[in-house]
Chemist: 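Pasting in a structure now, in structure tokens, and then I'll have a few things to ask.
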2 protein chains.
Amino acid sequence: MTRTASYHHGDLRQEAHQLALDTIRDQGDTAISLRALAKQLGVSAPALYRHFADRESLLAALAVSGFEELRERLLAVDQRVPRRALIDIGLVYVGFAQDEPNLYRLMFGGRVLPKGVHPKLDEAGHGAFKVLENTIARAQQVGYLKPMPVALMTAAAWSLVHGLAQLSIDGHLPGAKAEPLMAEGVLSLLLDGSLSDSESTSHKEIEQ
Amino acid sequence: MTRTASYHHGDLRQEAHQLALDTIRDQGDTAISLRALAKQLGVSAPALYRHFADRESLLAALAVSGFEELRERLLAVDQRVPRRALIDIGLVYVGFAQDEPNLYRLMFGGRVLPKGVHPKLDEAGHGAFKVLENTIARAQQVGYLKPMPVALMTAAAWSLVHGLAQLSIDGHLPGAKAEPLMAEGVLSLLLDGSLSDSESTSHKEIEQ
DNA sequence: TGATTAAGTTAACGGTGGTAACATTGTTAA
DNA sequence: TTAACAATGTTACCACCGTTAACTTAATCA
């Protein structure tokens, strides 16, 4: 902490990480330049290369931070009542994206994560994903959800919240004001279905 | 077509657009540089600025092309049977993303479309969206879907297919081989719901 | 203490988006 | 027909970027 204004910086890696995180938060990833970061940190640009292989690795590290925070938020959801747990975890997910749109875009923009390039990133992403999956598995175990492959329901749930998140932060959902309500309604649809009563009465899976 | 090798190029705007489209298709938007494009077109870089205000405007024009093709594909879906129309339009949507992952990412990466910057882009996006909305409205009119705000169901459907598309092209859906089946199953869940029979028998919307 | 290593430095390369000032061509009106 | 004008090219340049190479300083450890 006590910057001695000497040759060695002391904690460059973490300070760069933090500054980059702040920058990305309110300006997006395109605004991040290693040279600019270095200047703000009072250090030469190549110094950063001692701590990050390249620009993309830095961005990947930031994305990891994002996934970690997302995971923590998801873990904080009350799991006692299956329906509320499922709805709430969706709302928390979308809420994270709305709170940190630029970070969220970095995490899922497909710009950093061709999967396999940065193992730590894959791991962090999987960690967040796992929380969602566990919630679903639990709901199914107590008989709240239909018997079906967990992977199927997880894919559906993740797709829905991810799509909702992305469309929301890009301003593509009309009711900007009523969005929390909208989100809850959308999530409910995945649980309750959207067919009219006359179509869904009893089990009419085979209709041909 | 007959390049006269003269000072004026003749059709630079369209040729640049096409070349950029091809480039983005198999290399992604980061691979697009105005200078490189100009070189390939046998023209100086600033010449392109006669036809595109800046790099972002070019990308926006490409995204417009993407939305137009997406719209055409969606329009080709058979609308006669509500359930199949709804499922198929979802499959076509996801199929487009899988066929053109880089173009899709450009269209929805949030990189070009802060909405309002490029009106033509907003318009093209809305055009594609409208097809989905119409399909849903029609299904509801014939009594296939629950009575509810069309905007709600549209948001749900769009979120679901968009999320599915994005997760699919980023390789986040496990069963890469069984993905068409997976997609159909996921889409069905939004229609039929995911609650177990004991939870969904009759109308138990109020459970407290 | 002296050698090794970690973590900085300056200098430089090639590439980028973008602007300014100028040149050429096609078009249009006197 | 030609003179003016607008459209569409050109070269020269700017500031910035990511990145590497070669060198310097400081900390660590045998």
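Residue numbering restarts at 1 for every chain, and letters A, B, ... go by the order of the sequence lines.
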Chemist: Output the rounded distance in Å from CZ (B:Phe52) to P (C:dG18).
Modeler: 13 Å
Chemist: Output all residues satisfying side-chain contact (heavy atoms from CB on, under 4.5 Å) with A:Arg84, sequence neighbours left out; order by chain, then residue number.
Modeler: A:Val81, A:Ile87, A:Asp88, A:Leu91, A:Glu184
Chemist: With the criterion being N/O to N/O and under 3.5 Å, what pairs connect the protein with nucleotides 12-17 of chain D, and how long is each?
Modeler:
| from | atom 1 | to | atom 2 | distance (Å) |
| --- | --- | --- | --- | --- |
| D:dC17 | OP1 | A:Ser33 | OG | 2.9 |

Chemist: Using atom CG of A:Leu48 as one end and atom C1' of C:dA6 as the other, report the distance to the nearest whole Å.
Modeler: 15 Å
Chemist: Among all residues two or more places apart in sequence or in another chain, which pass the side-chain contact (heavy atoms from CB on, under 4.5 Å) test with A:Glu72?
Modeler: none
Chemist: The side chain of A:Tyr49 is closest to which nucleotide in this list: D:dT19, D:dT10, C:dG8?
Modeler: D:dT19
Chemist: Can you tell me how far P of C:dG18 sits from CG of B:Leu58, to the nearest Å?
Modeler: 10 Å
Chemist: Could you give the CG-to-P distance, from A:Leu12 to D:dA27, as a whole number of Å?
Modeler: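 From A:Leu12 CG to D:dA27 P: 15 Å.
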Chemist: Rounded off to whole Å, could you give me the CZ-to-P distance for the B:Arg13 and D:dG9 pair?
Modeler: 12 Å
Chemist: Which nucleotide sits closest to the side chain of B:Arg50: D:dT19, C:dT9, C:dA21?
Modeler: C:dA21
Chemist: B:Glu15 has an atom CD; how far is it from atom C1' of D:dG9, in whole Å?
Modeler: 15 Å
Chemist: Once side-chain hydrogen bond (donor to acceptor under 3.5 Å, both in side chains) is applied, what residue pairs with a partner in residues 146-165 of chain B remain, sequence neighbours excluded?
Modeler: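 Qualifying pairs, neighbours excluded: B:Tyr93-B:Trp158, B:Tyr104-B:His162.
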Chemist: Nearest 0.5 Å please: distance from the CD atom of A:Glu100 over to the CG atom of A:Asp26.
Modeler: 9.5 Å
Chemist: Under the side-chain hydrogen bond (donor to acceptor under 3.5 Å, both in side chains) test, which residues partner B:Asp192, sequence neighbours left out?
Modeler: B:Arg83
Chemist: Taking only side-chain N and O atoms of B:Ser44, does any of them lie within less than 4.0 angstrom of OP1 or OP2 on D:dG9?
Modeler: no
Chemist: Give the rounded distance in Å between these two atoms: CG of B:Leu37 and C1' of C:dG18.
Modeler: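 Atom CG in B:Leu37 sits about 15 Å away from atom C1' in C:dG18.
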Chemist: Using the test side-chain contact (heavy atoms from CB on, under 4.5 Å), find all partners of B:Leu75 that sit at least two apart in sequence or belong to another chain.
Modeler: B:Arg71, B:Val131
Chemist: So, taking the atom named CG in A:Leu62 and the one named CG in A:Asn102, what distance separates them when rounded to the nearest 0.5 Å?
Modeler: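 So the gap between those two atoms works out to 11.5 Å.
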Chemist: Within the pair B:His51 and D:dG9, is there a side-chain N or O less than 4.0 Å away from OP1 or OP2?
Modeler: yes
Chemist: When the distance from CG of A:Asp54 to P of D:dT20 is rounded to whole Å, what number comes out?
Modeler: 8 Å
